[in-house]
Structures are given as structure tokens and as C-alpha cells.
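Below, each value reflects all heavy atoms present in this structure, side chains not excepted, and no hydrogens, waters or symmetry copies. Reminder, nothing fancy here: chain letters follow the sequence lines and each chain counts from 1.
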Amino acid sequence: MEQVAVTFTDGSARRYPRGTTLAAIAAETDRRDILAARVDGVPRDLAAPLERDAAVEWLTFGDPGGKEIYWHSTAHLLAQAVRELFPDAKLAIGPPIEDGFYYDFDIGRPFTPEDLEAIEARMRELAKRNEPIERIAVRRNEAIRAFQSGGEKYKAELLEGIPDDPVSFYRQDGFQDMCRGPHLPSTGWIKAVKLLSTSGAYWRGDEHREMLQRIYGISFPTREELDAYLARLEEAKRRDHRKLGRELHLFASVEEVGQGLPLWLPRGATVRRVLERYIIDLEEGLGYYHVHTPDLANTQLYKISGHWDHYRENMYPPMKVDNEELVLRPMNCPHHIMIYKNQQHSYRDLPVRIAELGNMYRYERSGVLSGLARVRGMTLNDAHIFCRPDQLTDEFMSVVRGFREYWYRVSLRDPADRAKFVQNDAMWDLAEQKLREAMTALGLRFVEAKGEASFYGPKLDVQVPNVMGKDETISTVQIDFYLPERFGLEYIGEDSQPHRPVMIHRGVISTLERMMAFLIELYAGAFPLWLAPEQVRVLPIADRHLAYARRVQEALRGAGVRAGVDASSERTGHKIREAQLMKVPYMLVVGNREEEQETVAVRSRGGGDEGAVPLAALTDRLVTEIASRR
RNA sequence: GCCGGCGUAGCUCAGCGGUAGAGCAGCUCAUUCGUAAUGAGCAGGUCAUCGGUUCAAAUCCGAUCGCCGGCUCCA
């Protein structure tokens, strides 16, 4: 019989009769966790026969590719359970996602929490039966007929986008679903399932189409892994900046002020101020001019810039006063452009870098608001670099070099979306080319995202996951040939003739709101010393030590340290607990011994009791640690 | 904006048709204490808002507002 040569990832190689299944080969190993394989890089079911020489890579739940298959099969199991409990349910799509899977259904009404429990219970029963999952080929016209008679309009629409004939289906226990696969060998592989939430989701992500009911879930090969995952979710909730913001008195949102308009409480405002000073110092050192411009502007400004045509749905409606029509600004660029225009520029002066912690107001739809991470009034760490075309790449690169790692998204326009993006193909092509060039020169990997650009140009977005795993854009850099054109910007070149500069828009630490949300979650509220709103709290043992405690506080304040005193009549243990819960980095216990010797007993947030040190020595230590910004 | 869930004291929550409760926080008093909660007392609520059902509504129904999870959108 004809043989095929198979090589494995460990470098070994063997020959098998043609047509041997992957399952048979996997059975020769002593591993029971192989759930599928990649054959020459293509994921395949274990039931697939080998027809030619191939490189085989086994997949288990431990591999990202294996998880995908595992969760995809769980999504099918979910669909099967829903179909059994709701025979009229129409199926849409059910892919694996980063953590688990979802499946979209149309059952004519939303799922209730009770439905979810029933579905989850049915999934467990079905998994227990351990039915084999089989791939079957179905003639295209048969599939179309089946979808029509079953009223499966979503599946029918999906099929229109698939050119194959026949198309592949997967069948388990009488249930079948059109699917590319691959899948687990049988349903019994799914040991621990949890359905996490339901929500509405637009068919094909289009808000003008049907709203389907989505069920999110996750599954694992063992109960322990599921429990560990659920525990991680709980831990993430503890780090949630909204919860910590309330507990640590950093910020508050009140109905009377308005949605998406948070109040920075004294503690939060202190952290913000430290960040602001840091940023301004840093940027002035990098050659940026920090300016200040007003939050309101004449509508005219935004008509010139193009915001009026392309960004109006994010702007608050104009207000009429005297003969003027004013709007709250959604972006700062036009103001900075007017600053550039306020005087003539020689080619020798460029680049001109104009920066501002600029307040902006954007109308965000109510459902998207979230703590400090997504608000309606915000302050952007904004800057606009006006440069010559030959300086563009260097300027862009030096901005990006300032970023931390994380992942980069190059956001491009969708040429078909004429409403959202200004029309000028040559300009877009040039800007996109420059951006890709610079990223390649920097050696940075990035993904491209069509339709995510600004209306005036493509941008580089730095994406950072928050504690709940959702990506937020932190930094952004945009290349803009459009606004200089709109505003008729010029510089005088070597040839004494006017030339058009190019603009780079950049926000490095995002808005102060989003950065604060990010930092709270990053540190779980325990800010490093330089950022901590209350860096030190002095804890007198008894009331008679209060005067000395105040002296310690004044000495520290004099050295620029933010120090508080706990003047309550509680016991020391209680005071420590309070300070610890507020995540104060240093607690200084002072009693008779300390007062007599001009010392303080240091207790650090992380390290516990560190013993007594002279006050002057501690002050020096704190000042040094603060300056280190760690 | 759309789909669903949830709104009870400053915070965390119980009560789920018979007239509002706990713990923590706050205030007062006592205690003056050495490294994560001293004790006692007091005060605090139009049960988000408005309307309906009922002899009776925090509790059931509806609308509105807000928050939460998604969708869409985004710094």
C-alpha cells in the first residue's frame, strides 16, 4: 500500500499508509489531550485522513489554536442546546473569541437569566452523552434548500458569501450546523461550561439590521480551570477603576452634573495635577510649546476644518449669542492651527510643536459611557507638529519612539465611506504610505484597521487592554495633509516662496481621564509614591503625640511631601488599617520613643513595620524616591 | 442610541404585598492604647422619579432618569 511521510514538530518522522486518519496516529502517542491537528499549517479534525506527505502539529487546549477549536465546538453545543429548548430559534453565527465564545440567535424575544440556566444545564447533559462530532459535505443547492425550508435566513445569507460547493457541515447527535471547522472529536471533551451573559447584537454588526440575542460563554477541560478563570474575573472586578475610584475617593459621577462628566475629588485631582506637571515639563524639554486656548469656538472654525461636515454627530449643538454661533470644541487642532497662522514661519523654524492639555467635549452615545475611561468632557494631552514634508518621517518616528510597547493599530479610512472621510485619494494614499514607511523603519509590528481613521487622515493607535480585557486606545499619532490645505497654512521656503507644511496630531498619554482609569487599574489603586495622593500618613499613638505628629507633617510638607495625620482617637491598629485600605504608601507611627528621639517608626504599604528612623533621614529617602518616579 | 439586568442610609447589602433593617462609615461619650477593626449611645431613608393596580406597594405593572454587561461608536 502507498505510504505517506509525516513529520512532527519534535523533528521525528514516520511513514503511514495513505488515508490513515490523524486520530489513528494520535492514538499511537501516550497523550490523551490531542484534540485536533495542524496539517501543513492548516487546522484539521482528527478524523481527517492523510492523503499526502505532511507536517503534523498536534493541538491541545493549551495551544491558542486548540482553545479556538475547543470553544468553537462549545459554541456548537450551545446552539444545539438552544435548538432543543427553542425549536424555532434561528441560528446566526457562533465563533470562538479571545476568552470563550458566543453564539447569536433569533428567538423572537430576549433570553432571560432562567433561560440561560436551562440552556447551560442542557449543554452539560449533551456533553455527557459524548456524541461524535462529524464533518459532512453538503451540496450547495441542498444546503440552500434546507435553509429555506427551515427558515434559516441568517445561515442562508452567510452561505451567499461562501463560494464553496459542496459546503461543510458539522453534525452531532442529530444537530447540524454549517461550519468550516475543525471541531473536537466528540462533545464529551467539553467538561466545564459557564454561560456568562446575554446581550443584544446587531446582525453583521450593522445597527440598521435585525437585533439578535447573543449568549457569551466559556468552557474548560476541567472544573478547576473554569473556577480559576471565574476567580480571575472576580479579581479583575476588584481592580475596576470605577470601584476603586469610589473607594479611594478619587472621582465621582453624580446625576445632577450629568452623564459622562465626572468630578475629580481632591485625591484624584492631586494625582491628575502630578501627571499634568510631569507632562508639561517633559514636553517643554522635548521642544513643545504649551499653549492655552478656549473650550468654546465660533462654528465658523469647525466649518473651515471640516469637522462640521464629518464630525458633527459627535459635537454638541451650537448656541447662539449676539451675532455669533458657538460650539463646545470636540478637538483642539483648529485652535492650534490658528496659533500657527498667527505669525509667518520660515522653513528654518520648522518643526513647530504646539501642545496643550486641551479640554474637549464630545457627544458620546449614552450606552458607551464608562467611568473615566469613556466620558463626554475630557482633557487631551494634545499636540500638533507643523513640519516640512521632508521632516515628516523623522518627526513621526520620534513621537512613536516615546511610546511603550503594547500593540499598534494602523487605522486607515474606508474609501467607500464618503460621509465619514474627506475625499482626496492622492492625499490619503500619500499619508498612508508615509505612515507604513515610518512604522516599517521603526521595525514595529502593527495590524491595519480599515475605517478607523480620523476624517482628515490615517492614524497610528496604541491599544492597551484594560483590567476587564477590553482594548482602549491610549496614544494616537495622525498624519494630516488635509487641515493645512483647508486652512491655507504656509511656511516660507529657501526659495522665498510659500510652501505647505504637513501636520502631525498626537496624543501620547491619551486624555487625563482615560490615563487615570488606566493607572488606577494598573496599580490596583496602590499608586507609586510619586503619584500617590497622600504619600505619607502620620499616626500618633495617643492624643498627647498629636503635636509631634503635626510637626512631622509640617516638616514633610516643607520638603514637598504630601502628608496627612490621623487625629482620631482610635487605636493604632485601627489607624493602620484605615491607612492601609486607602493604600497610603507610608505610615509613620509616632509615640513617646519617637518624640523623644526626633524619629518616626516607618511602616510601608507593602513591606510592613520597618522600624524607627530619624525624621530627616526619612525625608531625604522620600524625596529621592519621589524624584525617581517609581 | 439599541438589547438585557439592576437602582433600599455615605458604602456593602438584607427585606420582595401588611406600614424600613444590618454591618461599615458619621456624630457624641468613655477609653489614650505600639503595627490591619476598643466599647456604649445617637443620628441618618419621599426604598431613583412619576403614574397605575390594591383595603394596603420598597415589594406587582407601566413610563422616565441613572448605573452595569454587551452591540454600534471612540481619546
Side-chain angles (χ1 to χ4, degrees), chain A residues 102 104 109-113 115-116 196-216 237 240 242-243 246-247 249 252-256 258-259 311 313-314 330-331 358 360 362-376 378-382 411 420 451-452 454 459 461-462 464 468 470-476 505 507-515 517-518 539-546 568-581 587-594 601-605 608-612:
Chain A
Y102 68 77
D104 285 347
R109 66 164 177 87
F111 289 106
T112 65
D115 290 337
L116 232 57
L196 296 165
S197 64
T198 63
S199 78
Y202 301 109
W203 170 231
R204 303 213 132 169
D206 183 341
E207 63 179 317
H208 302 297
R209 302 205 58 182
E210 296 89 332
M211 177 156 286
L212 306 174
Q213 297 303 318
R214 176 171 299 179
I215 297 178
Y216 284 91
K237 274 188 199 153
D240 189 317
R242 292 165 298 191
K243 181 177 160 64
R246 184 170 52 240
E247 289 172 356
H249 308 156
S253 302
V254 303
E255 235 179 283
E256 293 86 333
Q259 285 189 77
Y311 204 72
E313 62 180 35
N314 282 294
M331 291 190 197
M360 320 182 297
R362 295 182 181 177
Y363 170 71
E364 300 286 351
R365 304 212 269 179
S366 64
V368 308
L369 301 172
S370 173
L372 285 181
R374 194 73 187 273
V375 293
R376 284 178 170 167
M378 68 212 91
T379 304
L380 185 67
N381 163 228
D382 207 358
S411 295
K420 189 169 169 187
E452 300 288 336
S454 287
K459 52 182 187 158
D461 294 321
V462 183
V464 176
M468 301 308 288
K470 260 180 85 163
D471 280 323
E472 299 273 18
T473 303
I474 292 287
S475 309
T476 175
H505 305 236
V508 172
I509 69 149
S510 184
T511 59
L512 287 161
E513 287 75 16
R514 186 169 286 178
M515 179 48 56
F518 172 73
L539 313 179
I541 298 272
D543 286 354
R544 67 176 179 282
H545 307 119
L546 197 51
S568 70
S569 67
E570 296 291 346
R571 298 177 179 187
T572 309
H574 188 269
K575 292 177 181 176
I576 285 170
R577 181 181 152 81
E578 293 281 299
Q580 201 79 46
L581 289 175
M587 288 149 268
L588 306 182
V589 179
V590 295
N592 289 339
R593 296 200 292 270
E594 288 74 19
V602 177
R603 182 191 166 94
S604 72
R605 179 176 61 195
D609 192 352
E610 296 182 9

Find every protein N or O atom lying less than 3.5 Å from an N or O atom of nucleotides 3-5 of chain B, and list the pairs.
from	atom 1	to	atom 2	distance (Å)
rC3(B)	O2'	Q213(A)	OE1	3.4
rC3(B)	O2'	Q213(A)	NE2	3.4
rC3(B)	O2	G200(A)	N	3.2

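Taking 4.0 angstrom as the limit, H574(A) places a side-chain polar atom (N or O) nearer than this to OP1 or OP2 of rA25(B). Between rA37(B) and K575(A), no contact under 4.0 Å exists linking OP1 or OP2 to a side-chain N or O. Proximity of R605(A) to the phosphate of rA36(B): no side-chain N or O atom is located under 4.0 Å from OP1 or OP2. Note on R362(A): every side-chain N or O is 4.0 Å or more away from OP1 and OP2 of rC73(B). Remark: R242(A) is in phosphate contact with rG69(B), judged by side-chain N or O atoms under 4.0 Å from OP1 or OP2.
For rA25(B), its base never sits under 3.5 Å from the side chain of E578(A) at any donor and acceptor pair. Counting distance only, with no hydrogens placed and no angle test, the side-chain atoms of R374(A) and the base atoms of rC73(B) include a donor-acceptor pair under 3.5 Å. The base of rG1(B) is not paired with the side chain of Y363(A) by any donor and acceptor separated by under 3.5 Å.
Checking A601(A) against A373(A), the closest nucleotide of RNA chain B that is more toward the 5' end is the one next to A601(A). Judged by closest nucleotide on RNA chain B, N592(A) is the one of S197(A) and N592(A) placed further toward the 5' end.
For the P atoms, the distance linking rC13(B) with rU19(B) amounts to 26 Å, nearest Å. Between the P atoms of rU12(B) and rG69(B), the separation comes to 15 Å (whole Å).
As a whole-Å value, the separation of L369(A) CG from rU72(B) C1' is 14 Å.
In summary, E472(A) and R514(A) engage in a salt bridge, as defined by a charged side-chain N under 4.0 Å from a carboxylate O.
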